[in-house]
Every structure is written in C-alpha cells, then in structure tokens.
There are 2 protein chains.
Amino acid sequence: MENYIAVSIFESLSSGVRLDIFRLLIKKGFDGMVAGEIATSLNIPPTNLSFHLKALTQNRLLTVEQEGRFQRYRANIQLMSDLIAYLSEECCNGHPEHCLET
Amino acid sequence: MENYIAVSIFESLSSGVRLDIFRLLIKKGFDGMVAGEIATSLNIPPTNLSFHLKALTQNRLLTVEQEGRFQRYRANIQLMSDLIAYLSEECCNGHPEHCLET
DNA sequence: TCATTATTTCAATAATTGTTGAATAGTTGT
DNA sequence: ACAACTATTCAACAATTATTGAAATAATGA
C-alpha cells in the first residue's frame with residue numbers, strides 16, 4: 001500500500017463520527033445500511049452525515065449503491081485488511097516479534 | 001483499545017509529515033533519533049517539526065528522552081501492535097476469513 | 001562566565017475541516 | 001402530474017490544525 005493511501009485512510013478515521021459510522025457498517029457486513037438508518041442510529045443530522053459519508057466513500061472506506069430512493073452504504077473490509085498488512089510491515093520493521101499475535 | 005485512543009492514533013498519522021516521522025523512527029528501532037537528525041533527514045523546519053513531535057508524543061506514538069542538550073525520540077512499537085489488534089477485531093467483525101493473512 | 005548549540009514556546013497568520021439550515025435533485029406511489 | 005420521501009449540494013460560518021520567524025529555555029564546552 002502506498003503511503004498516501006494509508007494517510008487518506010487515517011484521515012478518514014481520525015474523526016470520532018467517521019469511526020463510529022465505519023464501525024457500525026463493519027458490524028452490518030454485506031447488508032450495509034441506507035443513509036437514513038445510519039443517521040437515526042448515530043443521531044447525526046443528515047447534512048453532516050452526508051459530509052462524512054462522502055469523505056469515507058471518496059477515500060474508499062465505504063462503497064455506495066443506489067437502491068430506489070435510498071443510498072446503501074457498505075464498509076470496505078478488504079481495504080481494512082490491506083491497511084492491517086501495511087501496518088504490520090511498518091510496525092514490524094526490524095522487530096517482527098512484536099507483531100506475532102492473536 | 002478504547003475508541004478514543006484509536007481516534008487519537010489515526011489523528012496522529014493523518015498527516016503525511018507525521019507518518020514520515022513515525023515510519024522513520026520505526027526503522028531506527030531502539031536507537032531512535034534526536035530531533036535535529038529527524039529535521040535534517042526529512043527536511044522539516046525545526047519549529048514545525050517540534051509541533052508534530054509534540055502531537056505524536058502526546059498521543060503516545062513516540063517517547064522522548066533527554067540526552068544532554070538533545071531530545072531523543074523513539075517510536076512506540078507496542079502501541080502499533082495494539083492498534084493492529086484493535087483493527088483486526090473491527091475488521092473481522094463477522095468476517096474473520098478476511099483477516100487471516102501473512 | 002560567556003558564546004554556542006539544540007530544541008521548544010510564543011504569536012501571528014494561513015489553510016483546512018466540520019457543522020448547519022435552506023435549497024435542490026432524484027425516486028416512488030397515487 | 002403531483003405530493004411525499006431520501007439524500008445531497010450549496011453557502012455561510014465556526015472551529016481546528018498547520019506553518020513560520022522571533023524569542024525563550026536549557027545544556028555544553030571553552
């Protein structure tokens with residue numbers, strides 16, 4: 001993974017609101033959630049939620065699919081997996097023993 | 001790991017400058033580097049470097065130790081290890097198969 | 001002690017990011 | 001076509017974060 005991609009992921013998750021959105025969608029798995037459900041669930045005003053969903057989607061943390069008049073959002077689990085691999089390399093540089101865990 | 005800790009780590013690494021600093025110090029391992037070496041190595045003005053070192057240190061990504069008139073900084077590898085564990089849980093929530101990798 | 005070196009703090013400013021209500025665009029069911 | 005519904009964009013503003021040079025702090029060595 002390129003460093004600038006990693007930075008964009010860190011930016012995406014560097015807000016408590018966005019981390020909450022992402023964690024919620026991870027829990028929902030392939031079902032995902034439509035925007036209104038997320039807004040209700042996390043009690044975020046629609047305009048503000050849109051702002052954060054856009055940021056997350058642009059940085060590929062989320063995917064979005066139109067479903068009638070709804071927009072269904074899903075977490076990009078693969079990207080998280082790639083991030084973990086990136087961090088493991090960074091973290092283990094010269095110290096592999098620290099990263100062999102559960 | 002508490003969510004607010006994870007957010008603080010993401011904030012710390014959400015700047016290209018700070019990610020460069022952290023990656024550089026990870027490479028150096030226990031030796032670490034004194035502030036001036038980091039400034040020279042990454043070509044960052046001292047005041048600006050201080051600003052970012054302070055942010056990283058406050059969020060526990062780095063440790064700092066005085067050494068004569070130098071300040072020696074080291075990466076907190078254990079925290080990265082904890083972050084990887086946190087992400088693995090978040091990422092694998094209901095989808096463990098995605099996170100079993102190298 | 002005094003000049004030198006290393007780093008941080010301060011103050012000013014620039015740049016970016018977050019929040020909100022109103023307006024807009026697209027979709028559905030009647 | 002029209003009313004109701006979902007979500008986004010827009011514009012204004014608030015809040016936070018980043019950058020810089022000058023000054024301050026602290027340690028060293030002559």
Side-chain angles (χ1 to χ4, degrees), chain A residues 3-25 28 31-76, chain B residues 3-25 28 31-76:
Chain A
N3 290 319
Y4 78 95
I5 300 285
V7 169
S8 74
I9 298 173
F10 294 136
E11 277 171 2
S12 293
L13 301 178
S14 69
S15 134
V17 173
R18 287 195 296 270
L19 184 59
D20 286 346
I21 294 169
F22 186 76
R23 295 197 315 127
L24 179 61
L25 289 171
K28 297 291 178 173
D31 292 346
M33 289 174 90
V34 300
E37 291 173 334
I38 301 171
T40 301
S41 179
L42 298 178
N43 197 30
I44 304 171
T47 35
N48 190 17
L49 177 65
S50 243
F51 171 81
H52 290 298
L53 287 175
K54 187 177 178 183
L56 285 161
T57 306
Q58 279 178 167
N59 288 341
R60 303 200 16 245
L61 274 288
L62 303 182
T63 63
V64 58
E65 184 186 10
Q66 184 152 2
E67 215 174 66
R69 57 184 130 175
F70 302 88
Q71 300 289 124
R72 183 164 297 274
Y73 287 89
R74 294 184 179 90
N76 182 350
Chain B
N3 290 319
Y4 78 95
I5 300 286
V7 169
S8 74
I9 297 174
F10 293 136
E11 276 171 1
S12 294
L13 301 178
S14 69
S15 136
V17 172
R18 286 194 296 268
L19 185 59
D20 286 345
I21 295 168
F22 186 77
R23 296 198 313 126
L24 179 61
L25 288 171
K28 296 291 177 172
D31 291 347
M33 289 175 88
V34 299
E37 291 173 334
I38 301 171
T40 302
S41 178
L42 298 177
N43 197 32
I44 304 170
T47 36
N48 191 17
L49 178 65
S50 238
F51 171 82
H52 289 298
L53 288 176
K54 188 178 178 182
L56 285 160
T57 305
Q58 279 179 167
N59 289 340
R60 306 201 12 246
L61 273 290
L62 303 183
T63 62
V64 59
E65 185 186 8
Q66 184 151 0
E67 214 174 65
R69 59 184 132 178
F70 302 90
Q71 299 291 123
R72 183 164 299 273
Y73 287 90
R74 295 184 179 90
N76 182 350

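These numbers were taken from a predicted model, which means no experiment stands behind them. Order of the sequence lines fixes the chain letters, A, B, ..., with proteins taken first and strands second; residue numbering starts at 1 for each chain.
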If every non-hydrogen atom of [X] is compared with every non-hydrogen atom of [Y], which pair is closest and at what distance?
{"X": "B:A55", "Y": "B:S12", "answer": "O-OG, 4.2 Å"}
{"X": "B:V17", "Y": "B:I44", "answer": "CG1-CD1, 3.6 Å"}
{"X": "B:A6", "Y": "A:L19", "answer": "CB-CD2, 4.4 Å"}

Round to the nearest Å and state the distance from [X] atom [atom1] to [N] atom [atom2].
{"X": "A:E67", "N": "C:dT28", "atom1": "CD", "atom2": "P", "result": "11 Å"}
{"X": "B:E11", "N": "C:dT17", "atom1": "CD", "atom2": "P", "result": "13 Å"}
{"X": "B:L42", "N": "D:dT19", "atom1": "CG", "atom2": "C1'", "result": "16 Å"}
{"X": "B:I44", "N": "C:dA6", "atom1": "CD1", "atom2": "C1'", "result": "16 Å"}
{"X": "A:N48", "N": "D:dC13", "atom1": "CG", "atom2": "P", "result": "18 Å"}
{"X": "A:H52", "N": "C:dT17", "atom1": "NE2", "atom2": "P", "result": "12 Å"}
{"X": "A:Q71", "N": "C:dA25", "atom1": "CD", "atom2": "C1'", "result": "11 Å"}
{"X": "A:K54", "N": "C:dT19", "atom1": "NZ", "atom2": "P", "result": "16 Å"}

Most 5' of A:R69 and A:L49 on DNA chain D, judged by nearest nucleotide: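 Result: A:R69.
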
At 4.0 Å (heavy atoms only), tell me whether [X] reaches a base, stays on the sugar-phosphate, or touches nothing.
{"X": "A:F51", "answer": "base"}
{"X": "B:V34", "answer": "sugar-phosphate"}
{"X": "B:R18", "answer": "sugar-phosphate"}
{"X": "B:P46", "answer": "base"}

Look at the side-chain N and O atoms of B:Q66 and state whether any lies under 4.0 Å from the OP1 or OP2 oxygen of D:dA26.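 Answer no for this pair, as no side-chain N or O of B:Q66 is under 4.0 Å from OP1 or OP2.
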
Please determine whether a side-chain nitrogen or oxygen atom of A:Y73 lies at a distance below 4.0 Å from atom OP1 or OP2 of D:dT8.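 Checking A:Y73 against D:dT8: at least one side-chain N or O falls below 4.0 Å of OP1 or OP2.
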
Among C:dT20, C:dG18, C:dT7, the one nearest A:P45 by side-chain distance: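 Comparing C:dT20, C:dG18, C:dT7 against the side chain of A:P45, the answer is C:dT20.
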
Is it true that atom CZ of A:R72 has more than 12 heavy atoms of other residues, nucleotides or ligands lying nearer than 6.0 Å?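 Enclosed: over 12 neighbouring heavy atoms sit under 6.0 Å from CZ of A:R72.
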
Calculate, to the nearest 0.5 Å, the distance between atoms CG and CG belonging to A:L49 and A:N43 respectively.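 So the gap between those two atoms works out to 11.0 Å.
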
Using heavy atoms to find the nearest nucleotide of DNA chain C for A:F70 and A:T47 separately, return the residue whose nucleotide is more 5′.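 On the 5' side of the pair lies A:T47.
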
